[in-house]
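So you know, we letter chains A, B, ... as the sequences are listed, proteins then strands, and number each from 1. The analysis underlying the following values was restricted to heavy atoms, covering all of them including side chains, and did not include hydrogens, waters or symmetry mates.
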Amino acid sequence: MSWLKQFFLRRRIYGDLSEEIREHLEEKIDELVAEGMSRKEATAAARRAFGNLTLTEEDSRNVWRWPSVQELLADVRYGLRALRHNLMFTAVALLTIAIGIGANAAVFSVVNSVLLKPLNYPNAEQLVSLHQIAPGAPGLADFENGLHLSASMYFTYAEHNRTFQSLGVWDTGTASVTGLAEPEQVRTVEVSDGVLQVLDVPPAVGRWLSEADQVPRGPQRVMLSYGYWQRRFGGDRSVVGRNITVDARPREVAGVTHKGFRLVDTDFDVMVPLAFDSSNLILAGFGFEGVARVKPRVTIAEANADLTRMLPIWMDSWTNGPGTNPHFYETWKITPMIRPLKREVIGNVSDVLWVVMGTIGLVMLVACANVTNLFLVRIEARQQELAVRAALGASRGRMVRGLLVESVMLGLLGGVLGAAFAYAGVHLLLAIGPANLPRLSEISPNARTLGFTLLLALLSGLLLGLIPALKYAGPRASLALRSGGRAASASRERHRARSILVVGQVAMALVLLVSAGLMIRTFQALRTVDPGFTDAQHLQVMRISIPAALVAQPEKVLRIQNQILEKLAATPGVKSAGLVSEMPMEGFDSDWDCIFAQDKIYPDNVMAPLYLYKYISPGFLQTAGTRLIAGREFTWSDVYGLRPVVMISENLAREMWGTPSAALGKQLREFSTMPWHEVIGVIQDVRERGLQDKAPEIVYWPPMMEYLFGRKTADTVRTETFVARSERAGTEGFLNEVRQAVWSVNSNLPLASVRTMQEVYDKSVSRTSFTLVMLGIAGAMALTLGIIGIYGVISYTVSQRKREIGIRLALGAQGGDVLQMVLKQGTKLALVGVVIGIGAAFGLTRLMANLLFGVTAHDPMTFAAVAALLVLVALLACYIPARRATLVDPIVALRYE
Amino acid sequence: MKKTEQRDLFPGALEMMILRILRRKPSHGYALVQHIKRTSHDLLQIEEGSLYPALQRLLKEELVKAEWGVSSTNRRVRIYRLTAAGAKHLEREVSSFERMLEGITRVLAPGES
């Protein structure tokens with residue numbers, strides 16, 4: 001009979017039962033009366049013969065019942081009493097569990113919010129990023145972030161697709177907002193029509209940008225982000241409809257995005273329409289990220305096929321200008337690789353978060369093992385009590401349940417306390433977490449986190465209680481009663497459970513310490529990498545942009561930049577100043593394009609390898625500490641004179657001509673109508689995208705040149721990173737002087753991304769340092785718990801074997817022998833744990849291979865060092881109890897007998 | 001502590017006897033008690049009430065089934081009937097009981113110690 005049926009039948013069963021018993025008594029009474037008894041006597045006699053009526057009925061009912069609630073309540077009361085009885089144990093156990101659960105719940109709530117929860121858009125599973133790769137493109141072939149979309153691609157895709165509900169492209173940038181208070185450089189996102197339709201979320205105030213705003217030379221309204229609206233306008237709703245000056249042009253505010261809104265993973269201040277002019281677009285210009293919403297039930301593969309189908313249409317519909325072959329992009333092998341938008345948003349933190357989650361989980365296991373050990377010790381002390389209960393008729397099941405109830409209560413109490421820890425832990429985690437953690441604003445406890453915490457509390461409670469319960473609630477418990485808890489012969493078996501726990505702890509500690517060790521080695525390896533600049537804490541960087549609406553003439557822009565550099569250099573404490581289109585690791589999008597060398601042969605004369613472009617001023621190399629390998633750097637007269645000169649990175653020089661010096665005097669150009677530029681200098685390789693990524697090949701152009709961005713007339717790069725070297729970098733006083741220096745040249749120029757290179761550097765290694773810190777903490781916790789575990793087991797066995805040791809000493813054993821004996825026992829446990837741990841670590845560290853740099857996941861040195869450390873520490877932990885064993889006084893020990 | 005068993009019977013003895021009686025003839029609770037008393041010549045002093053928890057256990061394990069009916073003395077009674085599983089169970093129990101009894105008897109037999 002299934003339990004469900006039982007449940008519904010129970011009422012009827014009980015009814016039948018009562019009636020049946022009543023009938024039974026009636027029959028008996030009738031019979032007795034028939035034999036001549038009075039009815040009163042007969043009733044009494046019948047009842048006597050029947051026995052305890054209530055008890056009978058209850059026992060009969062109990063047959064159908066699950067373990068009764070009453071019994072459970074009794075167990076709970078009993079357990080609480082037991083916990084209260086031994087406050088020290090309870091406090092230690094509770095704290096251990098609470099910290100474990102707290103840490104796990106904290107990490108889980110981050111993992112849940114960042115990795116597991118769907119994105120905060122309606123039907124988020126339909127959202128994709130239009131990622132594509134171009135394995136056939138030479139040079140920059142490994143397009144780190146894929147091949148972005150060009151504006152013409154967007155038009156083709158938007159018009160001809162069959163699988164998308166809507167799609168759009170976007171880009172990030174900066175703009176200066178003037179006319180409010182101080183001029184301010186703000187972070188912008190530029191969006192095409194379609195982007196907001198894809199995301200499908202309502203604005204907080206006003207309305208979204210519409211198709212009308214995308215008309216070239218149209219109204220081109222802007223939207224404000226919630227944060228910028230609050231910060232700059234104090235949340236004033238009347239700002240909608242007002243004009244603000246963006247890049248020296250008045251723009252009407254259409255609306256405000258809702259709180260926490262990010263475009264994919266990008267936080268911004270102002271959203272600007274791209275307003276493409278489709279009449280003069282070319283094929284190239286791969287500068288935009290694409291987002292799309294697929295139609296319901298369309299798979300990624302179908303969407304990819306759709307894009308692939310449209311690529312020839314794209315090449316047929318657009319051109320790069322007369323005389324070019326639009327189909328030459330076929331050689332690039334452009335391949336759509338659409339990804340779920342969530343993956344794009346999460347980026348590379350998922351590795352880190354999962355490693356941290358696994359790590360914290362292991363620590364929890366180690367902690368549970370420790371508390372189980374404590375539990376075992378305590379229950380050993382309570383053996384007599386258990387034996388008495390068994391002798392009084394408590395069933396094995398009931399005893400197991402009693403112990404489990406006790407441990408589960410411990411787990412649940414720990415869970416409640418842990419939830420509080422988790423709350424604090426999340427804040428700590430976010431404070432030390434990787435910089436720019438995606439979906440930060442979405443991190444909050446929710447039902448799933450709560451459920452996880454509860455589950456964890458329950459599981460850990462069960463886990464702690466299971467071994468002691470199974471071990472001590474057995475029928476053998478009666479032995480303890482007889483021997484008064486003094487029996488020593490069973491001790492070997494008694495310790496087996498605890499020894500296994502300790503071995504497990506050592507093994508897990510080893511895994512964690514090896515992981516931490518590998519991260520330390522990674523960090524060491526990173527520190528030896530030359531990033532391409534020196535003495536980062538003394539390098540002050542800032543972004544300054546000079547919009548065309550403010551200063552139209554290119555040469556005037558260069559003059560202003562030059563003046564700013566002079567003013568910066570004249571600021572007290574500044575050694576030198578220079579500018580560059582972006583410093584390494586700053587994370588701004590770089591320019592790139594083809595490079596032709598005069599002495600090389602190219603098929604078609606249109607195809608050439610692609611390289612990164614940077615634009616640097618005279619004095620930049622010396623300021624940043626970037627070494628000049630060969631030749632000379634630009635001079636101001638080179639720049640003002642628009643001389644056709646260029647510099648290249650060392651790896652590019654080696655790739656093209658074998659040695660840096662061989663590159664000098666060679667001629668380069670971007671496209672056939674551009675004059676040849678002479679290579680005048682070779683610059684050391686720089687880690688443009690972070691220490692872990694190999695240095696890319698780079699072409700360095702002057703900041704003002706003819707044919708810049710393909711235009712024939714001279715132009716100047718308008719947004720540059722200004723770099724100043726000073727001992728005072730980063731101090732408030734210095735920054736004020738720097739601002740004044742800039743504004744003394746032009747008071748309408750905002751400064752953005754004002755940082756020292758140290759901050760940029762730290763941010764770029766933050767993923768590594770965060771993992772290192774987390775693994776370090778976890779490793780230290782596991783090590784400490786492991787030591788306590790070994791110490792506990794060894795000192796317990798020593799106290800149990802006091803008599804045996806006494807006899808040994810009495811029979812002439814030396815202190816040294818006893819010491820050795822105890823140490824041997826401890827070492828054996830540690831060694832077994834280490835061997836198992838090495839095996840486990842060998843398998844597990846592979847999972848963190850993505851986070852490592854300059855060291856393999858199976859680095860023998862780390863493994864050996866950690867193993868040696870653990871054995872050594874284990875020996876130390878055993879030494880104290882071993883020492884105590886040698887001090888056993890044989891007389892005292894034996895007198896106990 | 002278990003309170004259900006009569007201490008002078010070993011666990012399961014009552015159930016075994018009930019099943020045995022029911023195999024011969026479906027009966028109600030009172031008749032079962034009377035039958036046990038009569039056939040054991042009052043050697044087995046069982047509380048009449050202890051029958052009912054035993055019957056419930058048998059019901060739960062589906063070794064017997066019960067339905068309301070009318071007894072020979074024209075009373076409304078709940079009549080228990082052996083199921084196929086009950087018959088099989090009885091066979092097993094009896095044979096294992098006999099083995100046990102034989103063992104105990106041999107040990108208790110005089111002369112060989």
S.K.: Just checking R23(B): does its CZ atom have more than 12 heavy atoms from other residues, nucleotides or ligands closer to it than 6.0 angstrom?
M.R.: no

S.K.: Tell me, do E31(A) and Y30(B) make a side-chain contact under 4.5 Å, heavy atoms counted?
M.R.: yes

S.K.: What are the two closest non-hydrogen atoms of P53(B) and S60(A), and how far apart are they?
M.R.: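 Scanning both residues completely, I find the closest heavy atoms to be N-OG, 3.2 Å.
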
S.K.: Which bit of D16(A) comes within less than 4.5 Å of chain B, counting heavy atoms only: side chain, backbone, both or neither?
M.R.: both

S.K.: Inspect the contact between R78(B) and E19(A) and indicate whether a charged nitrogen and a carboxylate oxygen are less than 4.0 angstrom apart.
M.R.: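 No, this pair does not count.
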
S.K.: Begin with the C-alpha distance, continue with both residues' side-chain angles, and end with the deciding distance and a verdict on ring-ring contact (aromatic ring centres under 6.0 Å, His included) for Y52(B) and F50(A).
M.R.: CA-CA 10 Å; Y52(B) 289 93; F50(A) 193 86; 5.8 Å; yes

S.K.: Check the pair E47(B) / N52(A) against side chain to side chain contact (heavy atoms under 4.5 Å, CB included), numbers first and verdict last.
M.R.: CA-CA 9 Å; E47(B) 269 184 352; N52(A) 186 335; 5.8 Å; no

S.K.: Please examine the side chains of K28(A) and Q34(B), heavy atoms only from C-beta on, and report whether any two atoms are closer than 4.5 Å.
M.R.: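 Heavy-atom side-chain distance check passes, below 4.5 Å.
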
S.K.: Output the distance between atom CD (E23(A)) and atom CZ (R76(B)), rounded to the nearest 0.5 Å.
M.R.: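 Going from CD on E23(A) over to CZ on R76(B), the span is 6.5 Å.
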
S.K.: Looking only at non-hydrogen atoms, find the nearest pair between T56(A) and G49(B) and report the distance.
M.R.: CG2-O, 2.9 Å

S.K.: What I'd like to find out is whether the side chain of H28(B) reaches to under 4.5 Å of the side chain of E27(A), using heavy atoms alone.
M.R.: yes

S.K.: For R75(B), does the CZ atom sit with more than 12 other heavy atoms under 6.0 Å from it, leaving out its own atoms?
M.R.: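 Counting neighbours around CZ of R75(B), more than 12 heavy atoms of other residues, nucleotides or ligands fall under 6.0 Å, so yes.
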
